[in-house]
Amino acid sequence: MRVTLPDGTSLELQDGATGADAAAAIGPGLARAALAVRVDGQVRDLSAPLAEGERVEIVTPPRDGQPDPDALWLIRHDAAHVLATAVLELYPGTKISIGPPIEGGFYYDFEFPAGVTVSEDDLPRIEERMREHVRAAEPFVREDVTAGEALERFVREGQDYKVELIEDLVRDQGVETVSLYTNGPFTDLCRGPHGPSTKDVGAFRLQSVAGAYWRGDASRQMLTRIYGTAFFSQEELEAHMRALEEARARDHRRLGRELGLFLLSDYAPGAPFWLPHGMVLFNELTRLVREENAKRGYQEVRTPVLTGVELWRQSGHWDKYKDHMYFTEVDDRLVGLKPMNCPGHTQIYAAERRSYRDLPIRYSEAGLVHRHEPSGVLHGLLRVRAFTQDDAHIFCTEEQIEDEVVGCLEMGFGIYDLFGFEPALELSTRPDNRLGSDEMWDHAEGALRQAMERRGLQFDVGEGEGTFYGPKIDLHMRDSIGRSWQLGTVQLDYQMPERFGLEYTGPDDEPHRPVMIHRALLGSFERFIGILTEHYAGEFPVWLAPVQAVVVPIADRHLEYAREVAETLRAAGARVEVDERAESTRRKIRDAELRNRRASGVAQDRRYTRPR
RNA sequence: GCCGGAGUAGCUCAGCUGGUAGAGCAGCCGCCUUGUAAGCGGCAGGUCGCCGGUUCGAAUCCGGCCUCCGGCUCCA
């Protein structure tokens with residue numbers, strides 16, 4: 001048979017030849033280095049047979065600085081199996097679940113025997129055991145068995161999670177055979193592929209221990225997840241660990257303290273106190289948003305933070321969102337803090353008779369909302385309980401939806417461009433907990449999809465991740481260590497207008513129901529500033545910088561002049577400080593740089609010529 | 001909310017298996033009057049997260065709670 005190689009040449013092989021045979025036919029060096037084979041873009045074991053006419057590419061460790069992402073994922077997957085091998089040896093009776101490679105490494109989820117807890121202190125011991133298996137270069141051997149045989153095996157071993165996985169595979173996908181991979185003493189249910197042996201795992205490290213629900217379901221067993229990472233070489237691993245370390249130096253929680261941006265206090269978990277320098281960022285962004293809104297025909301409004309609970313019953317928040325709301329009783333009346341601004345805006349809309357000629361109506365509000373997020377999810381400025389959204393609601397006709405959604409996205413991209421942000425888009429569809437008919441949802445999801453497709457935008461789909469009142473398009477950004485956060489959002493809503501009985505008079509002189517678009521582009525000022533801080537590592541562009549210049553007097557005799565200079569700059573609108581401390585010039589300049597002042601000036605007797 | 005870890009001075013952290021708390025930086029005072037990544041000296045600063053228990057004695061051991069960190073679930 002013949003297969004095609006990446007350079008277009010074809011290779012003659014015996015019938016039934018495997019990827020390993022192909023590598024050997026090309027050259028002994030390649031045969032030694034080969035990890036797997038990629039056939040028509042799909043990675044397979046080297047031992048898998050090839051078929052006539054397939055396009056074949058040998059997957060190898062990086063060579064000449066050309067890393068193959070598939071190769072890295074492969075050895076990380078191998079490493080996950082080696083981890084499970086070591087854990088089963090060290091903690092007999094442990095139940096294994098799943099252990100995939102992920103971006104940046106791998107993990108494996110375990111249920112340890114009763115009474116056994118594993119913490120990060122135990123990781124070195126597990127690593128040591130893993131190392132023994134890597135050194136032993138144990139081959140990964142694949143075996144295809146019937147689902148029944150596999151079930152019998154895992155039932156016998158008491159591996160309940162594997163049993164459940166096989167049962168589900170049989171039930172949901174009708175599989176008849178499953179593959180098992182064995183390395184040394186360990187056999188796992190696994191789709192593969194794997195490298196030829198554990199020796200290619202190379203340089204690895206276990207990083208952390210965390211809880212993780214079985215199958216991501218909070219109602220099920222909490223497993224212990226061990227995270228690790230692996231590379232081909234020690235150098236790459238060390239470079240990776242250094243990069244993580246450097247990313248931690250950009251952490252907005254640390255920079256927020258060092259630069260005097262905000263304060264988090266135990267008195268109000270999840271509710272930042274804004275310090276003077278942080279407030280500058282907040283205000284500059286507010287100004288930006290206000291200007292952009294004005295350009296696009298938004299009218300600014302402001303609605304109450306605390307309202308009678310009747311509003312939340314009417315809007316549906318009581319039914320679908322009350323667990324996340326704050327309530328209190330005042331004068332025998334139950335009142336709630338707003339978690340969203342939309343019901344308030346409906347009241348402004350409803351306060352007058354509206355004509356089709358008025359639409360679209362666009363109300364914007366820098367709205368302070370409170371949401372009772374679970375304690376375990378709070379995270380600096382990126383996940384808080386009290387925050388200010390750059391919110392807006394557009395009331396429009398059915399026909400105007402697409403243009404308005406596109407307008408929102410364009411406005412969002414325009415703002416993100418200013419910061420060099422390239423957000424990832426996600427369409428979130430109907431959740432289980434929702435209001436409205438399936439027809440409404442079909443319609444609303446279709447409209448959002450169409451708006452993005454019209455602009456040729458790439459997007460992911462988050463099934464079931466929409467809000468209770470409608471689907472949405474979210475703009476996501478990553479923080480310094482790669483975690484993804486939702487910033488902007490554009491949401492379509494047929495529910496709220498219905499529930500509040502909103503109307504406009506059409507050209508036919510009949511009442512019609514408007515559609516509502518909820519949209520926040522920064523998302524919240526808090527989260528946006530968090531991301532912004534990490535993005536710039538605290539070195540904000542001049543227009544945002546809390547302190548734009550610092551004047552450094554050399555000696556006391558320059559103080560008066562330094563103050564004059566500062567005054568002149570302030571009069572011109574700059575944010576300026578004078579460093580009046582009785583410190584050395586070296587020190588004052590160093591501090592100015594460390595605190596990321598964008599410019600510093602030195603007040604002196606004569607022009608300074610820098611020594612060679 | 002769940003799992004694991006951690007809370008010692010404003011910050012970063014020492015403080016072995018119980019005997020009553022320390023450093024650096026920051027702060028304050030003084031000296032120095034300065035030329036591009038930390039001048040010098042001194043002083044002050046802590047109900048060791050909170051509550052309870054064990055003990056002659058608890059920062060240290062035990063329990064509960066709060067907060068933070070890493071994840072999971074969930075969300076801007």
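FYI, side chains are in, hydrogens and waters are out, and symmetry mates aren't considered; it's all heavy atoms of this structure. Convention: sequence-line order gives letters A, B, ...; per-chain numbering from 1.
The aromatic ring of A:Phe387 sits over the base of B:A76, with ring centres less than 5.5 Å apart and planes tilted by under 30°.
Base pairing of B:U55: no nucleotide in any strand meets the Watson-Crick or G-U wobble criterion (both distances under 3.5 Å). When Watson-Crick and G-U wobble pairs are counted only if both distances are under 3.5 Å, B:G39 pairs with B:C31. Using the Watson-Crick or G-U wobble rule with both distances under 3.5 Å, B:C72 pairs with B:G1. Within the shown strands, B:U12 is the pairing partner of B:A23 under the Watson-Crick or G-U definition, both distances less than 3.5 Å. Pair assignment for B:U67: B:A6, on the basis of Watson-Crick or G-U wobble contacts that are both within less than 3.5 Å.
The two residues A:Gly99 and A:His77 have their closest heavy-atom pair at O-CD2, 3.7 Å.
When heavy atoms are screened at a 4.0 angstrom cut-off, A:Ser375 is found touching base atoms of the nucleic acid. Residue contacts shown for A:Phe528 are absent, as no nucleic acid heavy atom lies under 4.0 Å away. Across all strands, A:Ala212 comes closer than 4.0 Å only to sugar-phosphate atoms, never to a base (heavy-atom distances). A:Leu264 comes within 4.0 angstrom of nothing in the nucleic acid, heavy atoms only. When heavy atoms are screened at a 4.0 angstrom cut-off, A:Arg215 is found touching no nucleic acid atom at all. Among the heavy atoms of the strands lying under 4.0 Å from A:Gly216 are primed sugar atoms or P, OP1, OP2 only; no base atom is included. Here A:Glu465 lies out of heavy-atom contact (under 4.0 Å) with every strand. Within 4.0 Å of A:Gln491, counting heavy atoms only, lie sugar-phosphate atoms of the nucleic acid but no base atom. If you check every strand for non-hydrogen atoms under 4.0 Å, A:Asp556 touches a base.
Here B:U67 presents its P atom at 17 Å from NE2 of A:His379, a figure rounded to the nearest Å. Following rounding to the nearest Å, A:Glu426 (CD) and B:C75 (P) show an atom-to-atom distance of 11 Å. Rounded to an integer number of Å, the gap from A:Arg253 CZ to B:C11 P is 15 Å.
Residue A:Thr467 has its side chain nearest to B:A76 when only B:U36, B:A76, B:G39 are considered. With distances taken from any side-chain atom of A:Thr489 to the nucleotides B:U73, B:G71, B:A76, the minimum falls on B:A76. Relative to the side chain of A:Ser584, the nucleotides B:G4, B:G70, B:U34 differ in distance, and B:U34 lies closest. You'll find that the side chain of A:Pro269 is closest to B:U67, out of B:C74, B:U67, B:U36. Picking from B:A76, B:U36, B:U34 the nucleotide with the shortest atom distance to the side chain of A:Val384 gives B:A76. Set against B:G70, B:U33, B:U67, the side chain of A:Asp266 has B:U67 as its closest nucleotide. Counting only heavy atoms from C-beta on, A:Arg590 has its side chain closest to B:A38 among B:C32, B:A76, B:A38. Of the listed nucleotides (B:G4, B:U34, B:A76), B:A76 has the atom at the smallest distance from the side chain of A:Arg527. Comparing atom distances between the A:Ala555 side chain and each of B:G1, B:U34, B:G70 picks out B:U34 as nearest.
Judged by distance alone, with hydrogens and angles left aside, A:Tyr213 brings no side-chain donor or acceptor close enough to the base of B:G71 to form a pair under 3.5 Å. Residue A:Arg257 places no side-chain atom within donor-acceptor reach of the base of B:C11, judged by atom type and a 3.5 Å distance cut-off alone. For A:Arg371 against B:C74, no side-chain N or O and base N or O form a donor-acceptor pair under 3.5 Å.
Between A:Phe282 and A:Phe525, the two ring planes are parallel [angle under 30°; tilted spans 30° to 60°]. Taking the six-membered ring where the residue is Trp, A:Tyr108 and A:Phe110 present parallel rings, their angle staying beneath 30° rather than reaching 60°.
Annotation: cation-pi geometry satisfied between A:Arg76 and A:Phe231 (NZ/CZ under 6.0 angstrom from ring centroid, within 45° of ring axis). Figure legend: A:Arg225 and A:Phe112 shown without cation-pi pairing, the cationic atom not lying both under 6.0 angstrom from the six-membered ring centre and within 45 degrees of its axis.
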Test salt bridge (charged side-chain N to carboxylate O under 4.0 Å, His left out) applied to A:Arg215 and A:Asp217, step by step: CA-CA 5 Å; A:Arg215 299 199 142 176; A:Asp217 184 341; over 6 Å; no
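For A:Arg383, no side-chain nitrogen or oxygen approaches OP1 or OP2 of B:C75 to under 4.0 Å. Between B:U34 and A:Thr585, no contact under 4.0 Å exists linking OP1 or OP2 to a side-chain N or O.
In summary, the side chains of A:Glu111 and A:Ser97 do not present any donor paired with an acceptor at a separation below 3.5 Å, with no hydrogens or angles considered.
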